[in-house]
Amino acid sequence: MKFKVDNGPHVKDSDNTSRIMNRLMIALIPIICFSVYKNVSIIYRMDISILEALKPLFMILIAIFTSVITEFLYSLFILKKNKKDLKEYMKHSYAIFPGLFLALVIPLNTPLLLVSLGAFIATLIGKMIFGGFGHNIFNPALTGALLVTTAYGSFISGTSNLFELDTIGSATPLANLANFNYVGTFEQIVGKFGSIFNYIFGTIPGTLGETNKFLILIAFIFLVATKVIKWRIPVFYISTVFVITYIVSLTNDIGIWYPLFHILSGGLLFGAVFMATDPVTSPITPMGQVLYGIGLGILTTILRFLTPYPEGVLTSILFMNMTVSLFDKIGLKIRNSFNKKLIYITIFILLVISTGFIINKNLNKDDSSVKILNVIKSEDSYVYEMSSKAWGVITANVTIKDGVVISVDIVNSSSETKWSHIVSNDYINKIINGQDNLDSLDAISGVTITSDGLKEMVKKVIEDYGDKYER
Amino acid sequence: MYSKIKLDDNKEISLKKELIDKSDITYVYIPLFNCGVECKCLVKKGKKVKKDTIIGIREDIDFPILSPVSGTVMGIEKRLYLNNSLVDCIKIKSDFKNKSETYNEVEDINNYSKSKYIELLKRFSITGMGGSDFPTFLKYKNKVRTLIVNAVECEPYITSDYELIMHKASEIVDAIYAIKVINNIDECYIVIKRKNKELYNVLKEYIDFYGNIKIVKVKDYYPAGYEREIVKNILNVNYDKYPSEKNIVVNNISTIYSIYKALKYNTSISKRIVTLSGEMFRTPVNLLLRIGTDMSSVLKRLDGYVRKTKVKLVSGGPMMGYSLEDDNLVVTKNLNCILVIRDIEEYDENPCLKCGRCIEVCPMKLSPVSIKENLSNPDELKKLDVNKCMECGLCSYICPAKIDLRSYVRAAKKEVNHK
């Protein structure tokens with residue numbers, strides 16, 4: 001009697017890769033549903049076509065479709081799989097995820113063609129050329145998203161129209177934060193988008209996946225409980241961001257809402273839970289995961305505060321992907337020594353704290369949002385090149401003659417300023433006429449911040465002219 | 001810290017039925033094999049032997065191999081050893097008289113000197129019955145301060161130790177006390193699983209009589225019954241190769257019973273309890289089998305296994321056990337279980353998704369996935385402590401991509417030890 005011989009163990013855990021991926025999908029479904037619901041419900045009020053309303057759904061479907069087709073064609077023509085292998089291969093390559101995640105992190109006003117291109121890049125460059133599932137170094141979806149948003153960024157902002165500005169496509173809380181040079185009052189930074197409730201339940205501008213923090217938190221708990229993701233990475237990532245921004249808030253005398261704002265805005269939570277924990281592109285050793293999470297937190301805050309890119313999550317995850325093997329080496333080296341672990345943890349905590357102070361030092365503390373860029377003397381008048389940052393950015397040439405402002409020419413105004421309202425109210429002439437007593441001039445309702453910005457601009461010109469040129 | 005894995009233990013299925021005695025067999029086969037070392041045959045065909053006659057010898061440590069029956073040597077035949085290799089066995093035809101060479105009932109088993117004790121362990125060929133087959137007398141050569149009796153049985157399905165304790169608790173406790181007195185041991189522990197309350201109650205009854213022996217209950221996880229794991233859990237001691245370095249002896253509870261036989265009756269153990277179980281076995285049961293039984297005859301006499309689907313025959317537990325190519329397995333002292341389980345065709349091996357579970361479950365805190373990646377790099381493998389691996393198989397068990405990591409680590413061990 002002959003029996004089959006193998007190496008054992010003769011029992012195996014019932015969990016497998018497919019089940020893990022299914023659970024990941026389950027965790028994403030509420031988030032996807034919410035993103036579709038949110039868009040439809042907002043647009044319902046705005047009286048826009050059903051096609052526009054369902055854009056999130058189209059984005060997701062097109063991205064998934066492109067990813068699967070790309071992977072299929074790649075394995076058919078480049079890997080030259082035969083029919084039977086191909087079926088088996090596609091079953092275990094989980095082709096939908098690069099596209100799905102791409103759709104969830106890319107801005108909502110991205111044209112569908114670009115979404116498709118992004119999904120193509122995500123699958124091809126992010127995944128397939130490294131050898132497919134399990135072999136990629138970079139997070140595929142983020143690779144696609146980064147390439148699309150940097151290479152075709154102009155198309156993304158270029159398509160924004162008034163409708164998008166008013167709704168989800170408008171300046172995200174983090175872009176707004178950047179306009180304020182990263183410090184401001186609760187009203188300036190948080191209040192514009194509503195209460196903390198709006199932040200938690202996702203009724204603020206942002207990409208499809210990132211806005212509803214409540215659902216992300218539920219997904220996090222589910223994924224950790226069912227052992228899909230490595231919990232250490234998101235926990236240490238978010239804690240690090242909290243600590244650094246808390247240091248900034250303490251030294252600037254801002255409330256505890258400030259670090260919470262940083263955690264609840266932008267793609268941090270979504271990125272930390274879903275993207276940074278992508279098993280293939282994150283460290284395998286527990287200590288490696290802890291240090292990796294801290295590293296991500298440091299990098300994200302540095303990118304947020306010290307570069308022109310207010311988001312920072314996407315870039316920092318992609319950058320940290322390159323260091324995974326390094327963190328695993330460290331993790332393996334220190335795994336059996338409590339002292340070594342302690343040394344590394346201490347070093348990283350010191351790094352976190354010093355990052356907090358370095359960021360704080362480098363913040364532009366000029367809290368007046370109105371700036372003089374240049375002054376040109378022409379004949380008997382002075383032309384001030386001014387910029388005002390409030391709800392969006394305005395640059396203008398203010399001409400002053402004998403202490404009296406005679407013209408305000410708007411050179412540039414970013415879309416968030418709702419410039420049309422200013423023009424329709426003839427507000428500039430009102431400012432010029434009422435320049436002797438600007439404080440009594442009422443702001444236009446609906447564009448209060450922009451009107452205030454203009455007033456401040458003119459005030460500053462008069463003040464500066466008085467100081468320097470009036471004898 | 002590592003996360004402790006609780007396996008589906010499936011033990012109750014073999015405990016439903018009473019112990020069945022199947023030790024009345026005509027032919028026994030005694031492997032000329034101990035702990036990986038081949039032994040020399042000392043008898044010729046046709047020779048009459050008694051029970052406990054020395055029929056073979058392991059020459060490097062002068063360790064005897066005994067006949068479990070009285071009868072006639074029939075020659076040498078190949079039979080399957082529990083590690084799925086064919087070994088030479090001495091075939092003996094039993095005369096059913098069970099005449100012994102040395103049988104002698106001793107009144108007070110606490111009265112031996114230590115040197116006499118070691119001599120007895122050697123003469124009666126006492127070996128580790130938990131699976132190792134390691135000659136027990138070697139463990140007692142050093143000064144012993146702590147004796148740990150292992151009755152954890154952490155592998156699924158196996159209940160042979162459980163059954164033994166239920167039947168022979170009094171003898172076992174007597175033996176532990178005797179070993180303690182003879183070796184002047186400071187502390188004795190019997191380790192059982194916390195959930196086995198019946199074992200606790202049975203043992204407690206006898207222990208109360210002696211005192212000084214503690215029952216330690218450990219959590220139900222795999223590998224709670226590993227020597228290293230037990231020593232760490234109870235004494236918080238780590239050792240390099242053997243616990244005797246730290247004056248600790250760990251014995252399986254069945255081994256303790258065979259020591260009792262040697263001390264009390266001056267005879268070797270000739271039968272043992274073997275669990276016959278597995279989801280593809282019709283009537284899981286504990287059997288009392290004679291050492292040297294050819295399993296194919298016993299399996300024929302029992303209900304047999306369900307042959308509708310493909311089955312796998314496993315000697316030992318499902319984690320550490322070997323799958324067998326044939327059913328002519330010979331019962332040895334270290335065989336505690338035979339499983340008939342479903343042969344799941346092929347686990348389709350996926351690419352590693354770097355989930356890190358193998359690292360999290362490894363009781364030795366190794367990194368199986370890194371070992372696999374560095375398989376061709378012996379220097380790196382040494383840094384990864386491959387030799388610490390005790391082959392518990394948890395990495396292969398847990399891997400969601402169904403990669404057989406234990407085999408890679410075994411290969412890595414070979415690679416390192418080869419250089």
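Keep in mind that the numbers below use all heavy atoms, side chains included, and drop hydrogens, waters and symmetry copies. All chains are named by letter (A, B, ...) in the order of the sequence lines, taking the proteins before the strands, and each is independently numbered beginning at 1.
Per-residue heavy-atom pair counts under 4.5 Å with chain A were compared for B:Pro351, B:Cys358, B:Gly317, B:Cys399, and the maximum is reached by B:Pro351. Looking only at heavy-atom pairs under 4.5 Å with chain A, the residue among B:Leu7, B:Leu324, B:Leu366 that has the most is B:Leu324. Of the listed residues (A:Lys227, A:Arg19, A:Gln289, A:His92), the greatest number of heavy-atom pairs within a distance under 4.5 Å of chain B belongs to A:His92. Comparing B:Arg410, B:Lys383, B:Arg357 by heavy-atom pairs within less than 4.5 Å of chain A, the highest count is held by B:Arg357. The candidate from B:Gly321, B:Ser323, B:Gly356 with the greatest count of non-hydrogen atom pairs under 4.5 Å with chain A is B:Ser323.
Atom CZ of A:Phe319 has 12 or fewer neighbouring heavy atoms from other residues, nucleotides or ligands inside a 6.0 Å radius. Heavy-atom contacts from other residues, nucleotides or ligands closer than 6.0 Å to CG of A:Asn82 number more than 12. Atom OH of A:Tyr74 sits in a crowded spot, with more than 12 heavy atoms from other residues, nucleotides or ligands closer than 6.0 Å. Environment of OH in B:Tyr239: crowded, with over 12 heavy atoms of neighbouring residues, nucleotides or ligands closer than 6.0 Å. Counting non-hydrogen atoms of other residues, nucleotides and ligands closer than 6.0 Å to OH of B:Tyr322 gives a total of 12 or fewer.
For B:Ser407, the part sitting under 4.5 Å from any heavy atom of chain A is the side chain, from C-beta outward, and nothing else. When heavy atoms are compared at a cutoff of 4.5 Å, A:Lys333 does not approach chain B at all. Of the two parts of B:Leu384, the backbone and the side chain both hold a non-hydrogen atom closer than 4.5 Å to a non-hydrogen atom of chain A. Using a 4.5 Å cut-off between heavy atoms, A:Thr281 does not touch chain B at all. Contact of A:Tyr94 with chain B is made through the side chain alone, with heavy-atom distances under 4.5 Å. When heavy atoms are compared at a cutoff of 4.5 Å, B:Ile341 approaches chain A solely by way of its side chain, counted from C-beta outward. For A:Asn336, the part lying near chain B is the side chain, with the backbone staying farther off; criterion is any non-hydrogen pair under 4.5 Å.
Pairing each heavy atom of B:Lys402 with each of A:Asp13, the nearest pair is NZ-O, 2.5 Å. When every heavy atom of B:Gly393 is checked against every heavy atom of A:Pro9, the shortest pair comes out as O-CG, 3.4 Å. Residues A:Phe3 and B:Leu313 share a closest heavy-atom pair of CE1-CD2, 3.8 Å.
A salt bridge does not link B:Lys354 to A:Asp328: none of the charged nitrogens lies less than 4.0 Å from a carboxylate oxygen.
Note that the CD atom of B:Glu325 and the NZ atom of A:Lys4 stand 14.0 Å from one another [nearest 0.5 Å]. Atoms CD1 and SG, on A:Ile20 and B:Cys355 in that order, are 5.5 Å from each other to the nearest 0.5 Å. Atom NZ of residue B:Lys365 and atom OG1 of residue A:Thr285 lie 14.0 Å apart, to the nearest 0.5 angstrom.
Contact of the A:Ile284 side chain with the B:Ile359 side chain is registered, since non-hydrogen atoms from C-beta on lie closer than 4.5 Å. Contact check for B:Asp404 versus A:Asp6: no side-chain heavy atoms found under the 4.5 Å cut-off. At least one side-chain heavy atom of B:Leu353 sits under 4.5 Å from a side-chain heavy atom of A:Phe133.
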